[in-house]
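In listed order, ligands and their atoms are each counted from 1.
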Amino acid sequence: MKYSVFNLVRQATRGHQDWPRAWRNVEPKKTYDVLIIGGGGHGLATAFYLAKNHGISNIAVLEKGAIGLGNTGRNTTIVRSNYLLDENAHFYEFSLKLWENLGAELNFNVMYSPRGVLNVANSDAQLEHYARRGNAMQLNGIDAELLTREQVKDFVPLLNCSLSARYPVTGGLLHRRGGTARHDAVTWGYARAADTLGVDIIQNCEVVGLRVKNGHVIGVNTTRGAIDATKVGITVAGHSSQIAAMANIKLPIESHLLQAFVTEPLKPVLDTVVAFGAAHFYVNQTDKGELVMGGDLDGYNSFAQRGNLPEIQHAARNLTAMSPCFSRLRMLRSWGGVMDMTMDGSPIIGKLPVDGLYISGGWCYGGFKATPASGWTLAHTIAHDEPHSLNAPFSLERFVNGRVLDEHGSGPFPWLH
Ligand SMILES: Cc1cc2nc3c(=O)[nH]c(=O)nc-3n(C[C@H](O)[C@H](O)[C@H](O)COP(=O)(O)OP(=O)(O)OC[C@H]3O[C@@H](n4cnc5c(N)ncnc54)[C@H](O)[C@@H]3O)c2cc1C
């Protein structure tokens, strides 16, 4: 059933009793053309684009728990394409263009909100770096504006732009088309649209083994039995290294913990995303009024989805250094996700050294914004057994041939952790 105003009114007159399930609850079949391991945004998007763009619909998405409860449901929802390196700029800009029309494409409101992403500069050197990044973005056709301290003050009045601030503001880089999207809606929208095209979404089905014969994948073993397929895509974020190890592949990925924090709700005070320049910290305000914040990794390897107190302190300290007026806010809750950190900060999207095995992983802090492009390009790679031009630079081989994509704009250096 199409989601529309007409159907909303129609269902309202019937007490909302006739809405169909958004996706079917199915038993796994014995054989599929393609299996996708991991029912987060990336896995569901891959299945959707395989069916929509390539006409392959005999697909199952295997999820060990419920869909969307991994990092897709745990992130701070920021989407942007303000990258320095050409490879990243082209990939994330393609993704941002897909975000702009995603609600209509999926017939599901993903609440994409281009409220702008402002990177605040807290030193002259940092402003120089932002000027370089902004120039590179403009050369790649991406919107970028370099702001003076006064313009930053006008744009975000609650920032402490005083010259006597502990970390004085020297300017900023504004990317107006960046912003936020509702993470749960992205999961549900892709799941519903993929299901409509015939994809089986199988929850509570953990993959416990990969079956490989003569160098070619032939299927997987799961907690609900063996399933055959000659093409298998891995989209499990922080568990990438564990699944790859089932085929004796060692990935240059470490799993680390990243937390997010939410304050009590306020009236609207912050209508953009602000990234602090003096530390790795960023904040935005949700439609409910809460401030959502993110910062550094916890600094040790972990598969636990919960964090430690020092990072809560880190977030609170940076929020109050940036805007002292928030110092009396109460922190309501925090949570953690397991990050798949590559050693150059960029993802791996492509073929693995076993025929028929593909991966989209190593997303570090930034995979939510990549969800549409990751799904689109991984689907292309699986369908054609060769990468799309946009994901060709993100191969595993780059760690062998040395052509790494060390993108400083994507966060602190992962190899420091
Ligand atoms: C606190 C936090 C803040 C973040 N903020 C942002 C942000 O603002 N912007 C941004 O772009 N990115 C952000 N990210 C990163 C982003 O959330 C992730 O990169 C992205 O969501 C990864 O999506 P995914 O579909 O690959 O992974 P997930 O959503 O984690 O999905 C992977 C799925 O695989 C399943 N799985 C694992 N092992 C198995 C198995 N053996 N069998 C079957 N299923 C399995 C898991 O249960 C999970 O559901 C943030 C992450 C965190 C944790």
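- Side-chain contact check for D200 versus Y32: some heavy-atom pair is nearer than 4.5 Å.
- Looking at R115 and D287, a side-chain N of the basic residue comes within less than 4.0 Å of a carboxylate O on the acidic one, giving a salt bridge.
- No more than 12 heavy-atom neighbours from other residues, nucleotides or ligands sit within 6.0 angstrom of CZ on R132.
- If you check which protein heavy atom lies closest to atom 52 (C) of ligand 1, you get L258 CD2, 3.7 Å.
- When heavy-atom distances to ligand 1 are checked against a 4.0 Å cut-off, S360 has no atom that comes that close, whether in backbone or side chain.
- For atom 27 (O) of ligand 1, the nearest non-hydrogen atom of the protein is A237 CB, 3.2 Å.
- Ring geometry for W376 against F94 counts as perpendicular: the plane angle is over 60°, on a 0 to 90° scale with 30° as the lower cut.
- Closest heavy-atom approach to atom 13 (C) of ligand 1 within the set F368, Y282, Y365: this belongs to Y365.
- Considering backbone and side-chain N/O of K64, one or more are found under 3.5 Å from N/O of ligand 1.
- At least one donor-acceptor pair under 3.5 Å links the side chain of T72 to the backbone N or O of G41.
- Shown in contact with T235 at under 4.0 Å from a heavy atom are these atoms of ligand 1, numbered in order with element: 32 (C), 34 (O).
- Contacts of T77 with ligand 1, taken as heavy-atom pairs under 4.0 Å, involve the backbone alone.
- Two residues are said to be in side-chain contact when any heavy atoms from C-beta on lie closer than 4.5 Å; L127 and L146 meet this criterion.
- For ligand 1, the polar-atom distance check against T76 finds a nitrogen or oxygen pair separated by under 3.5 Å.
- Residue I78 places at least one N or O, backbone or side chain, under 3.5 Å from an N or O of ligand 1.
- The distance from ligand 1 to the heavy atoms of G337 drops below 4.0 Å at these ligand atoms: 53 (C).
- For ligand 1, the atoms lying closer than 4.0 Å to a non-hydrogen atom of C205 are 43 (C).
- Residue contacts with ligand 1: V207 is placed with a nitrogen or oxygen under 3.5 Å of a nitrogen or oxygen of the ligand (distance criterion only).
- Taking a cut-off of under 4.0 Å to the non-hydrogen atoms of W363, the atoms of ligand 1 that pass are 19 (O).
- Closest to atom 36 (N) of ligand 1 among all protein heavy atoms lies V236 CG1, 3.8 Å.
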Could you please spell out the steps behind the salt bridge (Lys or Arg N to Asp or Glu O under 4.0 Å) verdict for K351 and D385? CA-CA 8 Å; K351 296 166 66 164; D385 198 36; 3.5 Å; yes
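- Side-chain N or O atoms of N122 include one that pairs as donor or acceptor with a backbone N or O of Y167 at under 3.5 Å.
- Near A260, meaning under 4.0 Å from one of its heavy atoms, ligand 1 places the atoms 1 (C).
- Although no hydrogens or angles enter the test, the distance criterion places a donor-acceptor pair under 3.5 Å between the side chain of D344 and the main chain of L405.
- Between F394 and the options F91, Y92, F399, a ring pair (Phe, Tyr, Trp, His ring centres under 6.0 Å) holds for only F91.
- The shortest N/O to N/O separation between G41 and ligand 1 falls below 3.5 Å.
- Below 3.5 Å of separation, one finds an N or O of N71 facing an N or O of ligand 1.
- Ligand 1 has an N or O atom lying under 3.5 Å from an N or O atom of H42, backbone or side chain.
- With contacts defined as side-chain heavy-atom distances shorter than 4.5 Å, the pair R192/N107 qualifies.
- Looking only at protein heavy atoms, the nearest one to atom 11 (O) of ligand 1 is K369 N, 2.8 Å.
- Close N/O approach between Q259 and ligand 1 is not found [any backbone or side-chain N/O within under 3.5 Å].
- Which parts of ligand 1 touch M339 is read off a 4.0 Å heavy-atom cut-off, strictly below it: atoms 15 (C), 51 (C), 52 (C), 53 (C).
- Residues Y49 and L197 fail the side-chain proximity criterion, which asks for heavy atoms closer than 4.5 Å.
- Of the protein's heavy atoms, G40 CA, 3.4 Å lies nearest to atom 31 (O) of ligand 1.
- Ion pair R403/E87 flagged as a salt bridge, since at least one NZ, NE, NH1 or NH2 atom sits closer than 4.0 Å to an Asp/Glu carboxylate oxygen.
- Residue-level proximity to ligand 1 for L62 is carried by the backbone, the only part with a heavy atom below 4.0 angstrom.
- At least one N or O atom of G366, backbone or side chain, sits closer than 3.5 Å to an N or O atom of ligand 1.
- In this pair, H314 and F281 present their aromatic rings perpendicular. The plane angle is above 60°, beyond the 30 to 60° band.
- Shortest contact from atom 50 (C) of ligand 1 to any protein heavy atom: N75 CB, 3.2 Å.
- Taken to the nearest 0.5 Å, the OG atom of S81 stands 5.5 Å off from the CZ atom of R177.
- Among all non-hydrogen protein atoms, the one lying nearest atom 34 (O) of ligand 1 is G38 CA, 3.3 Å.
- The side-chain heavy atoms of M137 and L173, taken from C-beta on, include a pair separated by under 4.5 Å.
- Of the possible donor and acceptor atoms, one in the side chain of Q151 sits under 3.5 Å from a partner among the backbone N and O of T148.
- Taking 4.0 Å as the cut-off, H183 does not count as a neighbour of ligand 1 on heavy-atom distance.
- Listed by number with element, the atoms of ligand 1 under 4.0 Å from a non-hydrogen atom of T72 are 21 (O), 23 (O), 24 (P), 25 (O), 28 (P), 29 (O).
- Here L118 contributes atom CG and N82 contributes atom CG; the two are 10.5 Å apart, rounded to the nearest 0.5 Å.
- By the 3.5 Å distance cut-off applied to N or O atoms, G367 is counted among the residues near ligand 1.
- Among protein heavy atoms, the minimum distance from atom 1 (C) of ligand 1 is reached at R74 O, 3.4 Å.
- Across E63, R80, M293, heavy-atom proximity to atom 47 (O) of ligand 1 is greatest for E63.
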